[in-house]
Enquirer: 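Take this structure first; my questions come after.
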Amino acid sequence: MKGPVQITLARPDPPRQRWWRHDDDFVDDGDVGVLRIGRNLAAVDTTFATSDEVTKRWLAEASVVARGRRLRAPLVAGLVALRGHDPSDRARGTDFSPNDHDNPIRCIALCLGGSHAIVYSPEAEGCRIRKAKYDGDRLKFYSNNMTQLRAFLDDKRITVACFGAREATRKLAKEWGLHVALPEELTHLFVLAFGKVAGVEAEKKTLMKKPAKYWMGKAALARAKAKADRDDYDTDEEEEATNLGKTWRPPKVVSGLSLERMARVALGPEMRLARCPPKVAQADWGSYHLGEEEWAYATRDAYLCFEIAACCLQKLGDPIGV
């Protein structure tokens, strides 16, 4: 059996050297490259950005290319939200876990048309804005007001597909002040389009009675409380407070699915992809030390979100602007 296909990132210009970096994979604002998956499976023009200027130019160019001649068809975008250290946390230990819900989103990756992607990692200041209730966890970024990105995501004509859309959109609204008007949970789309082929069904929500506390021991009571906290992590009250009614709640993630598994079913058996290497899976996406490998896999995941969503929507009979 053949192994997974390789992904490579080619850069037209050599990386600029920095005196504080001893490696040669440094990425900087405005760097461009081409991500290739396998020999001829995919080629994606990708840009790394930390500023509004680069993001604005990319959005203008990529939107025109992605829409092409079908200006009336809805536009689809693939979105990946990546966590990092809280900039206000001065005591950064070695036990960082990107899957911790307390970690803020520090980087996003967008893909349009399956051929253009951007990895946007704005630099955050070491504090948080304390304004209204819904702004209590807002990050403060250096010279990044994200006006163009905010308008793009707030466009109801743009379907934004994301793995873990409910949490990602909630955190983007709460921490970045970005409201995604039409988010779609990628795993939910996949189950609707390819659930029978993949042997996966959407989880049905069941009502459970609260456990009787009088017979539970301390350990069991602690586990029950932790489970209740996890279940209530995305409450309707918190959603209403953070998104100001601008977005709708997408379904929760369907368990048992991964981007790699969905890609092989939706895009074809030749799309055999390996999981992200540990360095990328445990990366701090707010760090100054992001390199080519992190850039490449963030681009790959945004591309997969777009392509899987586009295949699912087409299979379900929805027109898309690609």
Enquirer: At their closest point, which heavy atom of A309 faces which heavy atom of A161, and how far apart are they?
Expert: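 The pair with the smallest heavy-atom distance is CB-CB, 3.3 Å.
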Enquirer: How long is the span from the CZ atom in R138 to the CG atom in L178, to the nearest 0.5 Å?
Expert: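 If I round to the nearest 0.5 Å, the distance is 8.0 Å.
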Enquirer: For a quick test of reading the model, state the closest non-hydrogen atom pair linking A109 to V119 and the distance between them.
Expert: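 For A109 versus V119, the nearest heavy atoms are CB-CG2, 4.2 Å.
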Enquirer: Measure from the side-chain N and O atoms of W176 to the backbone N and O of I105, and report whether any donor-acceptor pair falls under 3.5 Å.
Expert: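 Yes, the answer is positive, given that a donor and an acceptor are paired below the 3.5 Å cut-off.
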Enquirer: Test of understanding: clusters of I, L, V, M, F, W, Y form through side-chain heavy atoms closer than 4.5 Å, transitively. Do Y297 and L267 belong to the same one?
Expert: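 Y297 clusters together with L267.
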Enquirer: V54, W285: one ILVMFWY side-chain cluster at the under-4.5 Å cut-off?
Expert: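 No, because V54 and W285 fall into different hydrophobic clusters, even though each may have its own neighbours under 4.5 Å.
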Enquirer: Go through the steps to decide whether L316 and L192 satisfy the test side chain to side chain contact (heavy atoms under 4.5 Å, CB included), and finish with yes or no.
Expert: CA-CA 8 Å; L316 295 172; L192 293 178; 4.1 Å; yes
Enquirer: Closer than 4.0 angstrom, basic N to acidic O: yes or no for E307 and R300?
Expert: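 Judged by the 4.0 Å cut-off on N to carboxylate O distance, E307 and R300 do not form a salt bridge.
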Enquirer: Step by step, work out the side chain to side chain contact (heavy atoms under 4.5 Å, CB included) result for V160 and L153.
Expert: CA-CA 8 Å; V160 180; L153 294 176; 4.2 Å; yes
Enquirer: Between the main-chain N or O of V180 and the side-chain N or O of D154, is there a donor-acceptor pair closer than 3.5 Å?
Expert: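 Looks like no, no N/O pair under 3.5 Å.
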Enquirer: Less than 4.5 Å apart, any side-chain heavy atom of I108 and any of L149?
Expert: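 SC-SC contact between I108 and L149 confirmed.
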Enquirer: Taking all heavy atoms of L290 and all of V27, pick out the closest pair and write down the distance.
Expert: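 Heavy-atom minimum between the residues: O-CG2, 3.2 Å.
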Enquirer: Any sub-3.5 Å donor-acceptor pair from R261's side-chain atoms to G256's backbone N or O?
Expert: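 At least one qualifying donor-acceptor pair exists.
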Enquirer: Has E270 got more than 12 heavy atoms of other residues, nucleotides or ligands less than 6.0 Å from its CD?
Expert: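 Yes - once you tally the heavy atoms of other residues, nucleotides and ligands closer than 6.0 Å, there are more than 12.
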Enquirer: Which value, rounded to the nearest 0.5 Å, describes the distance between E294 atom CD and L82 atom CG?
Expert: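 Going from the CD atom of E294 to the CG atom of L82 covers 10.5 Å.
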Enquirer: So which atom in L186 and which in M262 form the shortest heavy-atom distance, rounded to 0.1 Å?
Expert: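 Scanning both residues, the minimum pair turns out to be CD2-CE, 3.8 Å.
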Enquirer: Once rounded to the nearest 0.5 Å, what's the spacing between atom CG of L189 and atom SG of C311?
Expert: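 Atom-to-atom, L189:CG and C311:SG are 11.5 Å apart.
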Enquirer: Is there a chain of hydrophobic side chains (I, L, V, M, F, W, Y, each step under 4.5 Å between heavy atoms) that links V265 to V5?
Expert: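 Yes, because V265 and V5 connect within a single hydrophobic cluster, where side-chain heavy atoms sit under 4.5 Å apart.
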Enquirer: Closest heavy-atom contact between V253 and G164?
Expert: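 In terms of heavy atoms, the two residues are closest at CG2-CA, 3.4 Å.
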Enquirer: Consider only side-chain N and O atoms of E185 and T187, and report whether a donor and an acceptor are under 3.5 Å apart.
Expert: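 Yes, T187 and E185 have a side-chain donor paired with an acceptor closer than 3.5 Å.
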Enquirer: Answer yes if I7 and V32 sit in the same cluster of Ile, Leu, Val, Met, Phe, Trp and Tyr residues linked by side chain heavy atoms under 4.5 Å apart, and no otherwise.
Expert: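 They do not share one cluster, since no chain of ILVMFWY contacts under 4.5 Å joins I7 to V32.
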Enquirer: Using only heavy-atom distances, determine whether the side chains of Y120 and N144 contain a donor-acceptor pair under 3.5 Å.
Expert: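 Yes, N144 and Y120 have a side-chain donor paired with an acceptor closer than 3.5 Å.
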Enquirer: For K171 and N103, indicate whether the former's side chain and the latter's backbone hold a donor-acceptor pair under 3.5 Å.
Expert: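 Yes, K171 side chain to N103 backbone: donor-acceptor pair under 3.5 Å.
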Enquirer: Can you tell whether the side chains of R83 and E167 come within less than 4.0 Å, N to carboxylate O?
Expert: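 Yes, charged N to carboxylate O under 4.0 Å.
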Enquirer: For the OG1 atom of T55 and the CZ atom of F152, what is their distance to the nearest 0.5 Å?
Expert: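 If we round to the nearest 0.5 Å, T55:OG1 and F152:CZ are 12.0 Å apart.
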Enquirer: Which atoms form the tightest heavy-atom contact between L79 and C305, and what is the distance?
Expert: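 Looking at all heavy atoms of both residues, the closest pair is O-SG, 3.8 Å.
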Enquirer: Checking C162 against T169 for the side chain to side chain contact (heavy atoms under 4.5 Å, CB included) test, could you report, in this order, the C-alpha distance in whole Å, the side-chain angles of both residues, the deciding distance, and whether it holds?
Expert: CA-CA 9 Å; C162 177; T169 54; over 6 Å; no
Enquirer: If you define the side chain from C-beta out and look only at heavy atoms, does anything of M146 sit under 4.5 Å from P122?
Expert: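 Heavy-atom side-chain distance check passes, below 4.5 Å.
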Enquirer: Verify, without hydrogens or angle tests, whether R272 (side chain) and G3 (backbone) share a donor-acceptor contact under 3.5 angstrom.
Expert: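 Yes, R272 side chain to G3 backbone: donor-acceptor pair under 3.5 Å.
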Enquirer: Sub-3.5 Å donor-acceptor pair from the side chain of E61 to the main-chain atoms of W58, do we have one?
Expert: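 Side chain of E61 to backbone of W58: no pair is present.
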Enquirer: Any side-chain heavy atom of M271 within less than 4.5 Å of one from L41?
Expert: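 Yes, side chains in contact.
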Enquirer: Tell me whether the count of non-hydrogen atoms from other residues, nucleotides or ligands lying under 6.0 Å of CZ in R150 goes above 12.
Expert: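 Count over threshold, so yes.
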Enquirer: For T299, enumerate each residue passing the side chain to side chain donor-acceptor pair (under 3.5 Å) test, keeping only those at least two apart in sequence or located in another chain.
Expert: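 Here the qualifying residues are T46.
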Enquirer: Checking D45 now: which residues fulfil side chain to side chain donor-acceptor pair (under 3.5 Å) with it, not counting sequence neighbours?
Expert: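 Here no residue qualifies.
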Enquirer: Go through it in stages, so that I can follow the logic: the residues are L75 and T159, the test is side chain to side chain contact (heavy atoms under 4.5 Å, CB included), and I'd like the CA-CA distance, side-chain angles, deciding distance and then a yes or no.
Expert: CA-CA 6 Å; L75 185 65; T159 299; over 6 Å; no
Enquirer: Is there a path of hydrophobic side-chain contacts, each under 4.5 Å between heavy atoms of I, L, V, M, F, W or Y residues, that connects V34 with W295?
Expert: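 Cluster IDs for V34 and W295 differ.
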Enquirer: Starting at SG of C276, measure out to CG of D301 and round the result to the nearest 0.5 Å.
Expert: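 The SG atom of C276 sits 4.5 Å away from the CG atom of D301.
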Enquirer: What's the spacing between I118 CD1 and R57 CZ if we round to 0.5 Å?
Expert: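 Separation between the atoms: 9.0 Å.
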Enquirer: Decide if atom CG of N40 counts as having more than 12 heavy atoms of other residues, nucleotides or ligands within a radius under 6.0 Å.
Expert: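 Incorrect, the count does not exceed 12.
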